[in-house]
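Each remark here refers to the structure printed beneath this line.
Order of listing sets the numbers, starting from 1, for every ligand and every atom in it. The chain is numbered in sequence order, starting from 1. Computed over heavy atoms, backbone and side chain alike; hydrogens, waters and symmetry mates excluded.
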Amino acid sequence: MNALSFDNRFINNLPADSETDNYCRSVENAAFSFVSAAKTSAPKLIAVTPLFAKQLGFSEQDIKGSEFPQVMTGNKLLPGMQSYALCYGGHQFGQWAGQLGDGRAVNLGELTTTSLGHQTLQLKGAGKTPYSRQADGMAVLRSSIREFLCSEAMFHLGIPTTRALSLCLSGEQVVRDKMYDGNASLEPCAIVCRVSASFLRFGSFQLPASRGEEKLLTKLVQHSIKTDFPHLLIDGVDFTREIYLAWFSEISQRTSAMIVHWMRVGFVHGVMNTDNMSILGETIDYGPYGWIDDFDLNWTPNTTDAYEKRYRFGGQAEIGQWNLFQLANAIFPLIGEAEPLQAIMSDFALNYQNSWRTMMASKLGFKDYQGQSDLYLFQSLEKLLTTVETDMTIFYRLLATLPNDLNTDAHEQWLALLGPCFYKLHELEAGYLQDFTSWLKRYLVRLNYDGLTQVQRAEAMNQVNPKYVLRNYLAQQAIELAEQGDFSEIHKLQLILQSPYKEQAEFQDYAKKRPDWARDKVGCSMLSCSS
Ligand code: AMP
Ligand code: MG
């Protein structure tokens with residue numbers, strides 16, 4: 001590990017907090033604070049992502065060695081590492097929250113890699129920082145498992161995300177009131193080493209803007225462009241308003257693309273606050289997220305948001321745009337004019353709409369989106385899937401098996417194929433058979449228009465419709481075992497979710513509908529922000 005090389009551009013190029021003592025405070029005119037991770041008493045590696053580790057430059061011996069958990073829990077810095085916490089702000093649930101910052105994340109520096117460029121290593125749950133406010137800087141095992149498994153699942157689904165390198169127990173325990181209902185208990189702490197080219201968030205720009213720190217704001221924008229959007233720079237030309245706008249436009253496009261992916265696989269982020277929006281358009285901060293079992297655009301896993309449902313499944317694009325609007329406000333001093341920013345915001349809506357339509361067409365196995373009549377098919381399908389409790393993931397996989405010449409009037413025939421995706425088959429049979437049949441009829445006509453064989457169509461559909469996702473109850477089962485010291489289910493899920501689009505005959509049980517016991521269970525269908 002000592003051969004790994006670090007090039008810490010962020011801390012070398014941006015202003016540091018001049019105070020180096022570790023106590024909570026307002027940090028002004030600085031992008032970060034130097035801080036040491038808390039010492040951990042009994043670091044133990046639970047899981048690692050070997051292929052990713054290799055890409056980052058870690059050898060097999062590195063991962064197996066006793067030094068690895070020491071480094072991955074913050075007890076030991078490798079040569080070239082420097083530890084620091086980022087200063088940022090954000091809107092939480094629509095309200096400006098002021099300074100937030102890395103309250104429990106400690107960055108270790110930027111690893112230089114041959115295939116992935118600069119990659120920042122960050123320990124989440126590594127102790128108090130100047131940004132911890134009233135909290136303890138720790139992360140509990142259950143939330144760390146959820147972050148570790150889900151970020152990797154997203155990566156293998158082809159969705160932009162921060163990565164996870166390792167998951168370690170620290171040896172510490174903390175008290176958490178899991179459901180904020182007065183039932184506090186001791187929980188084991190864990191640390192995920194997460195990795196990204198940049199951990200800048202929308203809120204990283206909002207905070208200096210809110211304080212009138214224009215110099216810092218400009219430096220941050222320029223740093224982001226130089227390090228992560230270098231293609232926007234023109235040789236020999238200084239930064240211009242046009243370059244800033246191109247940067248904002250690309251962030252907008254990446255954000256849109258990310259959310260279209262979420263809608264494709266049924267992922268609900270759960271806390272789309274502006275401090276949880278990556279400037280790279282990566283999915284970041286896996287907290288009370290959830291996966292759609294039964295299709296419901298109105299669903300949110302986050303109990304804190306149960307009433308307003310601000311971050312519900314179907315509202316994510318609108319929130320993405322709202323968040324971009326906050327970022328636009330933040331960088332306004334660099335642009336000086338509202339119109340070009342507004343134009344980019346309008347493009348977001350258009351761009352999202354077009355990409356969503358193309359995505360839906362691909363989910364249904366169409367060659368491409370053909371206009372209004374397709375849109376009508378999508379909308380009527382969404383209505384049906386909502387009305388008849390239907391498992392989204394299973395539905396699309398089974399749809400790929402429908403023969404092109406299916407006789408839709410013979411209900412038993414299509415029910416035999418699609419039946420397993422319905423949670424309440426009797427409801428379908430009692431009231432919606434006709435509606436579903438007529439939708440299928442129109443669907444088959446549309447398929448014939450494209451003229452693909454069933455095999456061709458299934459092959460294309462199975463590349464965009466995953467068979468395996470991190471169902472909420474699967475993560476919860478892995479957590480409950482891990483809390484008893486058995487980490488095998490984490491490793492099994494890691495393996496299965498590495499190939500989410502493949503059939504994997506031996507793991508069929510992991511592609512089944514949510515069992516009834518998990519319908520209203522804490523951790524399976526509802527989660528709080530407690531982590
Ligand atoms: P999140 O909801 O995880 O995005 O966190 C929002 C803010 O609270 C961020 O500034 C976090 O760093 C901070 N935070 C969350 N949990 C803790 C904790 N246990 N200790 C310190 N800060 C925390
Ligand atoms: Mg956060």
### Query
Does R163 make a cation-pi contact with F155, if we ask for NZ or CZ under 6.0 Å from the ring centre and within 45° of the axis?
yes

### Task
Mark up the atoms of ligand 1 that fall under 4.0 Å of a heavy atom belonging to D275, in ascending order.
4 (O), 6 (C)

### Query
Counting from 1, what ligand 1 atoms have a heavy atom of D285 closer than 4.0 Å?
4 (O)

### Summary
For atom 4 (O) of ligand 1, the closest protein heavy atom turns out to be N276 OD1, 2.9 Å

### Query
What do you reckon, does V271 put a non-hydrogen atom under 4.0 Å from ligand 1?
no

#### Entry: Closest candidate by heavy atom, reference atom 13 (C) of ligand 1, pool Q99, K124, R133
R133

### Contact summary for A349 and Q321, nearest pair of heavy atoms
CB-NE2, 3.9 Å

### Query
In terms of the angle between their ring planes, are F348 and Y352 parallel, tilted or perpendicular, with boundaries placed at 30° and 60°?
parallel

### Residue among L327, I331, N276 satisfying side chain to side chain contact (heavy atoms under 4.5 Å, CB included) with F202
L327

### Summary
Closest to atom 23 (C) of ligand 1 (heavy atoms only, candidates Q134, E147, R104) is R104

#### Entry: Taking atom 18 (C) of ligand 1 as the reference point, the nearest protein heavy atom with its distance
A135 CB, 3.5 Å

## Note on the structure
When F313, Y289, W291, W262 are each screened for ring pair (Phe, Tyr, Trp, His ring centres under 6.0 Å) with H269, the one that passes is W262

### Task
Taking only heavy atoms of M138 into account, list the atoms of ligand 1 that are under 4.0 Å away from them.
19 (N)

### Aromatic ring pairing F205/W247, orientation class (parallel under 30°, perpendicular over 60°, tilted between)
perpendicular

### Task
Give the atoms of ligand 1, by number and element, whose distance to some non-hydrogen atom of R176 is under 4.0 Å.
19 (N)

### Query
F239 vs Y244 aromatic rings, parallel, tilted or perpendicular, using cut-offs 30° and 60°?
parallel

### Task
Please report how many protein N/O/S atoms lie under 2.8 Å from the Mg ion (ligand 2).
2

#### Entry: E318 CD: over 12 foreign heavy atoms closer than 6.0 Å
no

### Task
Select one of side chain, backbone, both or neither to describe which atoms of R201 lie under 4.0 Å from any atom of ligand 1, heavy atoms only.
neither

### Task
Kindly give the heavy-atom pair with the smallest separation between S83 and V106, and that separation in Å.
CB-CG1, 3.6 Å

### Message
Is it the case that ligand 1 has an N or O less than 3.5 angstrom from some N or O of D136?
### Response
yes

### Task
Would you check if there is a donor-acceptor pair between the side chains of S143 and R176 at a distance under 3.5 Å?
no

### Query
Which residue owns the protein heavy atom closest to atom 12 (O) of ligand 1, what's the atom, and how far is it?
G103 N, 2.7 Å

### Message
Give me the nearest non-hydrogen protein atom to atom 9 (C) of ligand 1 as residue plus atom name, then the distance to 0.1 Å.
### Response
G101 O, 3.5 Å

### Message
When you compare the side chains of T300 and N302, does any donor N or O come within less than 3.5 Å of an acceptor on the partner?
### Response
no

### Task
Take atom CZ of F325 as the centre, draw a 6.0 Å sphere, and report whether it contains more than 12 heavy atoms from other residues, nucleotides or ligands.
no

### Query
Would the number of heavy atoms belonging to other residues, nucleotides or ligands and lying under 6.0 Å from NZ of K54 be above 12?
no

### Task
Taking ring-ring contact (aromatic ring centres under 6.0 Å, His included) as the test, write out the residues that go with Y88, two or more places apart.
none

### Query
Is at least one protein non-hydrogen atom found at under 4.0 angstrom from atom 20 (N) of ligand 1?
yes

## Note on the structure
A student checking ligand 1 against Q92 at a 4.0 Å heavy-atom cut-off should list atoms 6 (C)

### Message
Under 4.0 Å, counting heavy atoms only: does C529 come that close to any atom of ligand 1?
### Response
no

